[in-house]
Amino acid sequence: MLNLKDPVIKKFVEDVHKCAERKSKNLSDSANSEYICENRLFKIMCEDWNRIPRRYAEELNNRYGYNLVGENIIKIFRSNRCSMQQKRNSLFEASKKVADAFVKVLNTRNVADYDKYMAARKEAFQIDNHGRINERILCLMLYARHPELDGANDAKSLEKFGNIYMKHFLYDISDLLKNICSNKSKGTARGEKKDSQQEKIELLENMLNRSDMLLRDLQDEFDDRIKESHQNDLVEFFSQLNSEKYGCILDEVLNVRAGVRQLRKKNIQLPPEIGGLLILIQRLEQFIRDNEINPILKPGLVKDMRLDEAESCDYEGSPFKDASDVKRVKVLSPGWVYKNKEVQIARPRLKEVVGE
């Protein structure tokens, strides 16, 4: 808990507000609606990061008037490289630790505590997330855990921040925190008075370097988005290829391959007239593999499944009673993913097995 009557903390909150205001003044809600939705989700997750996607969708709908379902939440997780529950837990738990360490430094203004904060921050940065949302979660967690910092509704402004803006906002407020510790140590030391003009020069140089870093990071983010647009085109192509409109071609390639193997195991000779068709199927299969398109499940597989697993699939059967309920299901369509298993092309299709 922070004492907002403390002049040092009061000044810190004012300076943080100026940082948020500078970065948000040119960001509109309409242009950043995707970030806003994601950050609102992450803010809810800062309160409880163990819910299933459907619960997060319901909470977003209640608080902000969205019309989302669990699949929308799963897509957000995938696009931000955090679809694995274990990875999300690690990230949010580390962020909670960092946020509390940050506030401890504000209270003690101790250099040793600042070093502990930086160590915790470094640990959180190293969680495998391709550097995409770590800083966003850290900043949102700070305001979720310690709302007294939000004297000027900065948490709402931060909703518009993407990865780059949030990273540099975190760096700015960390610098402010470091200055508080430095000023305290200078006040208790002797012979360490620094010329005020020199301090201003150092501050301006730091601001210039930070602005240059921000521009470089924004350019890198732009380049990444160009690459993602090419990836999205590829995903869209294969998604259409496996749509019902075109006969679920990806699924059929697997079915034909499995059928041919069964015939060969039984030593059934295939007519030479269909040899060309089999070659075509083989080449299409190779084309799919070369583009790193892979099935999620094995066609025809029969397995037990819980509600949280079924929510990422097209499930046909009796409704689940609760999160612990288990259904016996058969894989009708395996579903498909691209490359790193984070981008889904088609959802698996499952049907409940009754009477076994």
Side-chain angles (χ1 to χ4, degrees), residues 52-54 69-88 228 231-266 268 270 274 277-320 323 325-356:
I52 59 176
R54 179 165 51 86
V69 294
E71 179 61 22
N72 300 119
I73 306 303
I74 292 170
K75 285 181 179 178
I76 292 175
F77 289 160
R78 289 200 186 100
S79 66
N80 286 284
R81 307 294 191 267
C82 62
S83 59
M84 293 178 61
Q85 178 74 47
Q86 185 178 1
K87 183 186 291 185
R88 291 199 302 274
E228 283 186 7
Q231 173 180 294
N232 292 339
D233 290 340
L234 183 66
V235 169
E236 178 62 23
F237 168 74
F238 281 100
S239 178
Q240 287 293 317
L241 205 62
N242 204 58
S243 66
E244 291 186 1
K245 179 179 179 181
Y246 297 104
C248 302
I249 291 176
L250 298 182
D251 291 352
E252 290 306 317
V253 168
L254 289 186
N255 292 335
V256 171
R257 184 182 66 176
V260 170
R261 286 177 177 172
Q262 288 296 322
L263 290 174
R264 285 175 175 166
K265 283 182 179 179
K266 296 176 181 178
I268 296 176
L270 299 175
I274 68 169
L277 178 60
L278 294 180
I279 291 173
L280 177 63
I281 294 294
Q282 289 173 354
R283 289 179 177 172
L284 181 55
E285 182 184 354
Q286 185 64 48
F287 173 71
I288 295 169
R289 282 202 303 265
D290 288 346
N291 282 280
E292 300 183 76
I293 308 298
N294 299 299
I296 300 172
L297 300 173
K298 183 179 179 180
L301 176 69
V302 176
K303 59 175 294 185
D304 293 331
M305 185 168 284
R306 298 190 310 273
L307 175 61
D308 57 342
E309 297 175 281
E311 283 195 324
S312 61
C313 307
D314 291 331
Y315 167 74
E316 179 185 341
S318 60
F320 287 81
D325 192 13
V326 175
K327 301 287 186 183
R328 191 76 170 165
V329 299
K330 182 176 182 180
V331 178
L332 302 180
S333 175
W336 297 84
V337 289
Y338 170 66
K339 203 171 184 175
N340 52 19
K341 298 185 179 180
E342 296 283 353
V343 181
Q344 189 176 63
I345 292 172
R347 289 157 60 101
R349 190 157 53 88
L350 313 171
K351 185 173 182 178
E352 183 181 11
V353 176
V354 181
E356 282 194 5

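Only heavy atoms go into these numbers, but all of them, side chains included; no hydrogens, no water, no symmetry mates. If you read the sequence from its start, that first residue is 1, and numbering goes on from there. Because the structure is predicted, anything quoted here is derived from the model rather than measured.
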Return the [atom1] to [atom2] distance between [X] and [Y], rounded to the nearest 0.5 Å.
| X | Y | atom1 | atom2 | value |
| --- | --- | --- | --- | --- |
| E309 | L350 | CD | CG | 9.5 Å |
| L250 | I293 | CG | CD1 | 7.5 Å |
| Q240 | I249 | CD | CD1 | 10.5 Å |
| I279 | L284 | CD1 | CG | 13.5 Å |
| D290 | E292 | CG | CD | 9.0 Å |
| I76 | E71 | CD1 | CD | 10.5 Å |

Q: Kindly determine whether V329 and V353 satisfy side chain to side chain contact (heavy atoms under 4.5 Å, CB included), including the steps that lead there.
A: CA-CA 5 Å; V329 299; V353 176; 5.5 Å; no
Q. Distance only, no hydrogens: is a donor on one side chain within 3.5 Å (strictly under) of an acceptor on the other, for Q85 and R88?
A. yes
Q) Is it true that D314 and R347 have a side-chain N and a carboxylate O under 4.0 angstrom from each other? A) yes
[Y] and [X], any side-chain heavy atoms less than 4.5 Å apart:
| X | Y | result |
| --- | --- | --- |
| Y315 | K351 | no |
| K327 | S318 | yes |
| I73 | K75 | no |

Q.
Restricting to ring pair (Phe, Tyr, Trp, His ring centres under 6.0 Å), what partner residues turn up for F287, sequence neighbours left out?
A. F238
(Q) Set out, in order, the CA-CA distance, both residues' side-chain angles and the distance that settles side chain to side chain contact (heavy atoms under 4.5 Å, CB included) for E316 and E352, then state yes or no. (A) CA-CA 6 Å; E316 179 185 341; E352 183 181 11; over 6 Å; no
**Q.** Heavy-atom neighbours of Q286 CD exceed 12 at 6.0 Å
**A.**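 Yes, CD of Q286 has more than 12 neighbouring heavy atoms, counting only those of other groups under 6.0 Å.
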Q: Please check if atom CZ in R283 has more than 12 non-hydrogen atoms from other residues, nucleotides or ligands closer than 6.0 Å.
A: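 At most 12 heavy atoms, drawn from other residues, nucleotides or ligands, come within 6.0 Å of this atom.
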On a heavy-atom basis, which atom in [X] and which in [Y] lie closest, and how many Å separate them?
| X | Y | result |
| --- | --- | --- |
| P53 | E311 | CD-OE1, 3.8 Å |
| L254 | P295 | CD1-CB, 4.1 Å |
| D251 | W336 | OD1-NE1, 2.8 Å |
| A346 | I296 | O-CD1, 3.9 Å |

Q: Evaluate the criterion side chain to side chain contact (heavy atoms under 4.5 Å, CB included) for residue pair V337 and I345; output intermediate values, then yes/no.
A: CA-CA 5 Å; V337 289; I345 292 172; over 6 Å; no
Donor-acceptor contacts, no H, no angles, side chain residues 297-307, under 3.5 Å, sequence neighbours left out:
{"residue": "D304", "atom": "OD1", "partner": "R328", "partner atom": "NH1", "Å": "3.1"}
{"residue": "R306", "atom": "NH2", "partner": "D308", "partner atom": "OD2", "Å": "3.4"}

Q) Would a distance-only check, ignoring hydrogens and angles, find a side-chain to backbone donor-acceptor pair under 3.5 Å from N72 to V69? A)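 Yes; judged by distance alone, with no hydrogens or angles, the pair exists.
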